[in-house]
Structures are given as structure tokens and as C-alpha cells.
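Quick notes on the structure that follows.
Within every chain, numbering begins at 1; the chains are lettered A, B, ... in the order of the sequence lines, protein sequences first and strands thereafter.
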Amino acid sequence: MTTPPLTQRPRRLFTTNHNTLAKNYLLLALIAVITGTLLSLLMRLHRTWPDLAFPIHGIIRPEDYLALVTMHGTLMVFFVLTVVPQSAFPNLVLAAQIGSDRMAFPRLNAAAFWITALSLLTLLAAFFVPEGAPISGWTSYPPLSALAAAGPGQATGMDLWLIAITLFCLAAVLSSINFLATIAVCRAQGLTWTRLPLTVWSWLVSSGLTVIAFSALFIAAALLLADRHFGTSFFLPAGMVINGIPQALGSKAWGTGSPMLWLHLFWFFGHPEVYITILPGMGLASSILANFTRRPVPAYRMMIIATLLIGVLGLGVWGHHMFVSGMNPYAGTAFGLTTIAISVPSSAEVLTWLVMLFRGRMQLTTPMLFTLGFLSFFIAGGLTGPILAQPALDAYLHNTFFIVAHFHLVMAMAGVFSIFAGIYYWYPLLTGRRMNELLGKIHFWISLVAAYGTFFPMHLSGLAGEPRHYAQLAGPVESFTRLIPVERGITWSAFLLAAAQLIFLFNLFWSARRGTPASPNPWRATTLEWSPLPHPTVTSRPYEYGPAAGQSGDFHPQWEPEKPF
Amino acid sequence: MPATFTRHTVETERKDPGFGGKPPVDRRPTGGGGGDENWDSRHSRRHGPREQLIRYRMAVFSVLAADLVFFAVLVSAFFVRQSSVHIAPTDNVVSDWHPLSVPPILWINTAILLLSAFTIEIARRQLFHEIDIMEEWLGLGRPAVRRAAPWLIATIVLGCAFLGGQWMAWRQLAGQGFFFSSNPNTYFFYLVTGTHGAHLLLGIAALVFALVAMFRFKRVEMRQIAVDCTAWYWHAMGLFWLFLFVLLVFFQ
Ligand code: HEM
Ligand SMILES: [Cu+2]
């Protein structure tokens, strides 16, 4: 019994079917990404035309700008870049890729979705409470995030943010537990560890990282809530003064907490989190490159080892976000070294992909184009990583737009492009149809150009010293006014980037009805999500492409019995 | 169905239970687990009872991994908080950390919790005794349940005693004027014991569930899973407590 396409099944609200849950997750991420994009456009508008008054709201005040930054970052990092690769995609194909028609714990899995949805609602509610959304950025450093008096939005808004994050952590851990158990025990007959597609390996590692990293954030957020409401001072230093008013809780002054503790805990979560968001994309890139160059993944075992190494090393580099935080300088050097170390397995994967490109003939389908885009962003953003990993250089670059450029290329754009690659690639599984190729290609090229146009110049303004999280450049101090033309270019480019996504949205919904019906294995792929039957017996490796690979053409699907020799 | 069976047939069943296989029995000290993980030659045993047991154990161990991080973060926060100081206007280095001597009753509680680890382990092993399991599986009464139930009940009693003891420790501290937000050390004390206690409360709920499950569940494997997973959770909580206890007593 294969699972029929979603459109044919009655939609029940509280389903435990992982395919329906995947669709729900995608819808949730769509809401988040649309909201997040609109917020970012507001930021760009304000940076370029600070005096622009908006219909209902009026002028964007500095605190509004900070609220926009915070909500944009939180929505994008958690509800888009984490939810899609680490929740929606595994629900869509993980079980199928290991030849199972069910997950290990379907109800746990469904519960995780509903907790995620509740978390999103809680977060969005922060816009509507008195004083509005929190303003301390997606990293929410104390003491500002610990004191309601620290600014508008830091009272109820901040509480809602913390509750939303706590819920999200819970959901992430629960769904990862399901994935781990599923990969461990639901594999088809003969699907040994070295016959798993690299996407499955990626989900294994990213789920392991999720269990560790999100548990740390969970308790950190809980401790911060305790600081805010139960009179503790884990993160609150003594002698806090805001606007000339000494801060105290009732009659008692704050104790001697340490904001550094939050930084450590947050980045102990934060760095693994960036790999949680990108590892599934890396696995997908390997699969898609093999599929559309019609060549196996060379050094398949090495790719597995690199994935595992990234997972392990990723837990030990968090301090590179804290070089200028007052941390012990020797620790800074150590974290600099571990950071350089982790770029070795990442580079190994990148080099393997490049080798794949030069060995095969490329079929430039839309998923392939987006994978190439992913690759280009991952390299372009990755190149600035080792620069930032030098404590001395980072002292200058930290909190400038250079950082914004780095992570928007390496995490945001690479992540989003691999999400697009995944959606174009797996769309037939969702709807039984293919997305329109021409629209897909137009979408790709505009997005590629506009994304570079948006984020590449940020390197320049960062090098010029433009600080991050500032609402405007113009003002009493003139030093940055010469950057205003750059800013304007970025803004136009950002609008172009956002507009290009309308093509995608149109294609997404239009193709569901009108797209060309897809054959059961439209990309002539080898991995099991395209298998016509469940529970196949697997005898071959995941990426058997190439002229010598199979009887049925230039590939040997994993569900077909061993080729006779 | 043959009334007698030889070891040999059981052995083959164990390797390849397939659909409706016999429930796992205890051949090794670890219980039903099985250490035959071989990187390349492992064939997944879909839908077998052993597979089910492994699946649930995987889930419990993942939860415990998450919990381990949870407590590890708490402990590291403890040390950071302990060592953080500020410079007073008089140029003195000031710390607001006041060492706390924990109520002695904690020693008794710890002993109780250790004892409960033994009782639950005995209960768990009863459910994997080969002869008993086979009798049950063949429909000849429920000797395993009969033998395991008292030990489970004993564990529940000990668990409740531990929680009661912790409650008394709280009362004693409160009696001495140390409340949650009195000073950093006391809120760590309350936080550590409180979160651990909450975990244990869940554990007791799981124990009660396992007890009911033993009598209600029709399938032997499901009974095994209920008791087995609860036992591993309980062991982990015991272990966590040992570490936390050492932290609270010796690292002030
Ligand atoms: C070659 C590998 C990489 C190196 C050496 C590297 C290095 C760094 C360093 C040193 C910083 C801190 C800069 C600062 O805040 O002053 C940083 C920030 C960041 N990196 Fe990377 N990085 C690498 C790859 C990645 C990847 C693969 C991702 C995401 C998928 C990523 C996402 C981020 C993010 C989100 C931040 C900024 C966080 C914030 O402050 O808000 N990086 N990176
Ligand atoms: Cu990092």
C-alpha cells in the first residue's frame, strides 16, 4: 500500500499521517516566511527612507526597528530554516527513503507539530500586546532581556518570546526523538547503514544535534524566565541602572549573576542550530547532484564521516560568537582553532560536490539550479567564516554588517535555496504533479541575482564599519552618510528578491491543479522515496547512476533487485 | 503449538522473529536488547517484538539524552553562578554566594532512591525470564506478572518516600528562613531538587502506568515495554540524583 497523494485523502485535522503533517509544517513555514519577509522589507524601507510614514503605524521609531529585527530573525531561524529542513522534509520523505510507510512514533510526531504551531501563535501574539514585540534580537542577551524596564516590548512581549522559544524547543526535541527512532528501527530489509541516502544520514546527525542543542536552550530560556519572574539572578549582574534608576526586585538588589552564562548557553545551542538548519540541505545537495549529473556520489563513506564530524565538532565551536564578549582571550584562541577545524569537513563536502559537477553532464532542471545556487551561497558565505574565526579580525567585524552578510549567505540564502530545491524536487510526492519548469527557472535566476545584490554589498558596508541593529545611518553623526547609496541599492534588491517569490507562490499553487502529471519516478532517481512499492528489499547502494548502473537505463533504483552479473 | 520446546528453536526465533515472533527473553544481563549491531550486515527486523522494544528504548534513551543536557546545563550554571563576583565600590571583590549546608535528610533520601533502583531492576528482570515468558506466551498463566508486581509496588512506595523526604528537606530549609529567592545558592537548591523531583513524579506516574499495564495489556511484549522503559528512566533519574546530590553536598 503506497500512501496516496495528499490531495486524494480526506484531510483530518488531528492526523498522525506524516505526509499530511509535512504539508502542515510547510504551510506553517509559509506563514512564517511571508511575515518574516514583510518585516524585513519594512526594515529596509526604514533604513533607506527613515522619514517615511506608514498608513496606520506612522513613522517607524528606533524601538519599532529593533522589534522588527527581533521578530524577523526569530521567525526565519526557528520557523523557516529549522522547521522546513528539520521537520517538514523529514516528515515528507524520511520514512519513504528508508522504505517504511510509517514513523516510529506517529502520535509524538503529531504532537510536535501542534506544539510548534502553538509556539508560532505565541510568538506572533507579541505584536499585539501592550508595548509590542521584544527588541533584544534573536539572541536575546541579558541583562536587557531580563528586565522589563529595559525598553518597550521587554515586558509581556519578551515573556511571550521566551514562552514561544521554550515550546519550540520542546517540539523540536520530541520530533527529533521520533526521527532518531525511525531511522534506527524502521529501515527496510537490507537497508544497511552504508546503503542509506545521505539525506537520512544528515537527519540522523541533525536530529541528534537537535536533542542536545534544543535541550540546552530550553533550560536557558527557563532560567531567564525565572530571573524575570521569580527573583533569581542567573544572568543579572549587580548594580543594574537603567535610565539613571537602579534596578531592584522589590526591596532586594539583584545578585551577582552573569550575562556571560546566557551567551555560553545560547551559543551552545546557537552554533549547532546553524548546522541543524544546513545539514539536511547538504545531504539533499549530494542526492540532487548525483541525480542530475547521473553519477554516483564519490567518496560516499567520506561524506558520511564528514557529516558525523561536523555534528561532533559543531558542539565545540560556540565560543566564536563570543570573541568580544569579555571571555577569556585564551578561550577565544581555542574556539578560533576548533572553528578552523570544523571548516575542514565542510570543505571536504564542498570539494566533493565540485568534483561531481566536473565529472558528469549536468541536467539543469529547476531543483538542480537551486542546488547550484545553494552551493554558490554556501561557498561565498563560507569563505568569510574563517576570516571571522580570527579573534583579532572579529574584534573589528563583530556586530557590523559583515556578520549579517556572512550568515545571510551561508545560512539564510543557502538554506532557503536548498529548501526551494527540495520543494521543486519532491513536489510530485506532494501533489502527483510537477511544478512548472519555465517559471521555476525564472524564479531561480531572479532570486540568485537579487540575493547577491542584497547581501553581497553588506560585506562592503560592514567593512566600512556600519553597525548592525542600528535603525538609521543618517543623523547627527555624518560618518556613514556616504554608505547611503549602497543601502539604497540593497533595498531595491531586497524588493526584487521578495517579488521573485511571488512567481514561486503562483507556481506552487497553480501546479497543484494544472501542473503536468508526474510519472512515478519523474527524475529517474534511485532513492526509495520514489519506490512504487513499500517495504522493498534493498540490495544496492543509494546512488547507482551511470551507464553501467542498471538494466533500466543509466540508473539502478534501490528498490530493484540485484542486477544479474 | 508444541507443548515443549528446545533451546534450539528459541535461538532461531530470537535471530529472526518476523511477524508475531515470541517476546524477547533475557539471555544476556542487558535484557532484551541484543548487541548484534553489525555495521553492514544488520538486517532490520521490522514489526518483530524485539524491534518494538528497541524502538521504545531508543525513544526513552533520546529523552534521557535531552534530560542529561538539561541537568548538565543546570550544573554548569551552578558553577558559573558560584564563581561570579562583582567589584564593590570599596574595591572589594564581592560574591553573593553563601554556602548552604544541605538538610541531612537528603542522605536518607538518597539511600531510599538507591534501594528503589534495585527493586525496579528486579521487577524488570522478572519480565524477561525465559521460562516465565514462554509460559505466559503459551497462555499458561502469568507467572512473570505475579512475580514482578510486588517489586514494582515496592518501587512506587520507595519513590513516594523519596519525594516525601525531599518535601521535608524543603520544609526544613524554609523553617530556617531559606526560601527560593533568598540567595543564589538556595534557588539552585530548590531548582535542582525541584526539577529532579518533577522528573521523579513523572517516573512514579510511569510506574503506576506500568503496573496497570502489566495486568491490562494483552500482549506480553507490550507489558515488557512498559516496565522496561520505566525501569531505564528510573535508573537514569537515580544516577542523575547521585550526581546532583554530590554537587549539592560537596561542591558548595
Ligand atoms: C567555514 C565554516 C564557518 C566558519 C568558520 C564560521 C565562522 C563564524 C564566526 C566566527 C561567526 C561569529 C562572528 C561574530 O558574531 O562576530 C559566525 C557567525 C554566524 N555564522 Fe558562521 N561560520 C561558518 C559557517 C557557518 C554556517 C554553515 C552557518 C549556517 C548554516 C553559519 C551561520 C552563522 C550565523 C547565523 C552567524 C551569526 C549569528 C549572530 O550573531 O546572529 N556559519 N560564523
Ligand atoms: Cu557559529
Under 4.5 Å from a heavy atom of chain B, the part of F234(A) involved:
both
What part of L68(B) gets closer than 4.5 Å to chain A, counting heavy atoms only: side chain, backbone, both or neither?
neither
Does Y187(B) reach the main-chain N or O of S233(A) with its side chain, forming a donor-acceptor pair under 3.5 Å?
yes
Leading residue by heavy atom contact count with chain A [cutoff under 4.5 Å; candidates F70(B), F188(B), F71(B)]:
F70(B)
After noting the C-alpha distance and the side-chain angles of F269(A) and V73(B), does the key distance pass the side-chain contact (heavy atoms from CB on, under 4.5 Å) rule?
CA-CA 11 Å; F269(A) 148 79; V73(B) 166; over 6 Å; no
Contact winner vs chain B - V173(A), I212(A), T182(A), V538(A), heavy-atom pairs under 4.5 Å:
I212(A)
Exercise: identify the closest heavy-atom pair between A181(A) and R55(B):
CB-O, 4.2 Å
In terms of heavy-atom contacts, does CZ of F243(B) have more than 12 from other residues, nucleotides or ligands at under 6.0 Å?
no
Which region of I98(A), side chain (C-beta onward) or backbone (N, CA, C, O), has a non-hydrogen atom less than 4.5 Å from a non-hydrogen atom of chain B, or is it both or neither?
neither
For each of L265(A), N178(A), I219(A), tally heavy-atom pairs with chain B at distances under 4.5 Å, and name the one with the top tally.
I219(A)
Are L191(B) and L223(A) side-chain neighbours, meaning at least one heavy-atom pair lies under 4.5 Å?
yes
For M168(B), is the CE atom crowded, meaning more than 12 foreign heavy atoms sit under 6.0 Å from it?
no
Heavy atoms from other residues, nucleotides or ligands near OH of Y330(A) exceed 12 (cutoff 6.0 Å)
no
Residue from L174(A), L180(A), T210(A) passing side-chain contact (heavy atoms from CB on, under 4.5 Å) with S62(B):
L180(A)
